[in-house]
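Report on the following structure.
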Protein chains: 2
Amino acid sequence: MSDKYHHENLRQELIDTGIRIINEVGEENLSLRGVALACNVSHSAPYAHFKDKEELLDAIKTSVTERFTEELKTACEGAANADEGLIAMGNAYIAFFHRNPDYYAFLFNKQKIVAHLQPDKKHVDDYPPFQLFKELYKKHLKENNIKKSKKEQEIDLIKIWGIVHGMASLACMKGVDTSIDWEDPSNTLVI
Amino acid sequence: MSDKYHHENLRQELIDTGIRIINEVGEENLSLRGVALACNVSHSAPYAHFKDKEELLDAIKTSVTERFTEELKTACEGAANADEGLIAMGNAYIAFFHRNPDYYAFLFNKQKIVAHLQPDKKHVDDYPPFQLFKELYKKHLKENNIKKSKKEQEIDLIKIWGIVHGMASLACMKGVDTSIDWEDPSNTLVI
DNA sequence: AGCTGAAACTTGACAGTGTCAAGATTGAGG
DNA sequence: CCTCAATCTTGACACTGTCAAGTTTCAGCT
């Protein structure tokens, strides 16, 4: 009762229970009031930490993206070289969304992938998973002694990412049978 | 006044104004009541034609998908052979969403791509754009005298579609600069 | 120690939403 | 002319995001 007006770390708790609720009932059934209630807090308490419902959702996206990025990192750590690392990371990318189909629509909805960066026009380079791809790609160029112009590199990167991202999109389509066993890496990448 | 209770073809009008509203203010700002009002009809009139808001949205998706499919068809009509047709269609696929960025999130949101087919588990083969890819792909195999198992063909198709779909996804990311000129076909496909 | 002001939270209200039940209107077929 | 189903209206309900105003708490200053 003493701390009725001090919830210690409500901000983080809102984010965490928000994720839990989305996992349980999906983003479309998440309400600000519901999250607040689940935290034993009044329905407008979140407004002390987020100016908007969208701002909370953005915070959640950032949090999920961090976990996602971690998984990609660990996936390519054991790789012998950059080429194998790229494959491993691509498959981890696909696997992540195949395991959490709801996250794809949630993270890329309205295509606001860089939720934590406010201004209007942001560069892909600011998207952590893309940064990982980029590092590995540059390592790949170096290891194989390949020289490419900046423009060529940009296009290559978008193609690599595009393939992986597209496969992930297809891999997590709900209620749609693609005839593909997405658990089998040999089916997916292996370019 | 006589036809206060007969709007001739309200169902289609709801779908059309629904599309218009989405184009103007986005899906997230579309309300059933708003669509009804825009059709000069009471707020529950739509319930005579759609049991749900979702059912109206599904009808709209179907309608948009039809236009999308038409564009893909015309894109590959002039192609000299199946290989060129595949490239043309892929670029048209990407171009469509680059021109209408809102449609990507709208159509593939919750990954319910086959909106007009109700039962739970549907096959990709029922998705019209995919059918076009499949036809062209089979033509490509025949023209080049290539023999592949059914499984190999399925994987090939998902890969082709995955690449194109992923590029389209990246091409229409809002507020994200990919450093790519998506209007220039030479940047995108050309596998 | 007491005051002050900002931060965190509550309470109460508002308009807008999807949905449903009940009633009104219409036209087609017996 | 009657009936009945389809179509649309009216009125209500609970729920939503948001805001304004009030309450509690605590840190920092005097």
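Chain letters run A, B, ... following the sequence lines, proteins first and then strands; every chain starts at 1. The model shown is predicted, which means the values in this text are computed figures rather than measured ones. Values reported hereafter were calculated over all heavy atoms of this structure, with side chains retained and with hydrogens, waters and symmetry mates removed.
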Of the candidates C:dT19, C:dT17, D:dT10, the side chain of B:S31 sits closest to C:dT17

A:L32 CG to C:dG16 P, in whole Å, measures 19 Å

In whole angstroms, the gap separating C1' of D:dC19 from CD of A:E55 amounts to 16 Å

Between CG of A:N9 and P of C:dA8 the distance, given in whole Å, is 11 Å

Separation between CG (A:L14) and CD1 (A:I19), nearest 0.5 Å, reads 11.5 Å

Item to check | Main-chain N/O of B:D125 paired to B:Q131 side chain as donor or acceptor, under 3.5 Å | outcome: yes

With the side chain defined as heavy atoms from C-beta on, B:R33 is closest, among D:dA12, C:dA8, C:dA13, to D:dA12

Worksheet entry | Ring centre gap for B:Y104 and B:H165 strictly below 6.0 Å | yes

Of the listed C:dT10, C:dG18, D:dG11, the closest approach to the B:S44 side chain comes from D:dG11

Checklist entry - Would you call the rings of A:F108 and A:F97 parallel, tilted or perpendicular if under 30° counts as parallel and over 60° as perpendicular? => result tilted

Of A:S42 and B:K53, the one whose closest nucleotide on DNA chain C sits nearer the 5' end is A:S42

Here the distance between atom P of C:dG16 and atom CG of B:L37, to the nearest Å, is 11 Å

Rounded to whole Å, the CG-P distance (B:N40 to D:dC8) equals 13 Å

* Using only side-chain N and O atoms of A:Y47, determine if any of them is under 4.0 Å from OP1 or OP2 of C:dC9. => no

In whole angstroms, the gap separating P of C:dA7 from CZ of A:F50 amounts to 17 Å

Separation between CG (A:L37) and CG (A:L32), nearest 0.5 Å, reads 12.0 Å

Closest of C:dT11, D:dC8, C:dC9 to the A:H43 side chain is C:dT11

Between CG of B:N29 and C1' of C:dT17 the distance, given in whole Å, is 13 Å

Whole-Å distance, B:E28 CD to C:dG16 C1', equals 16 Å

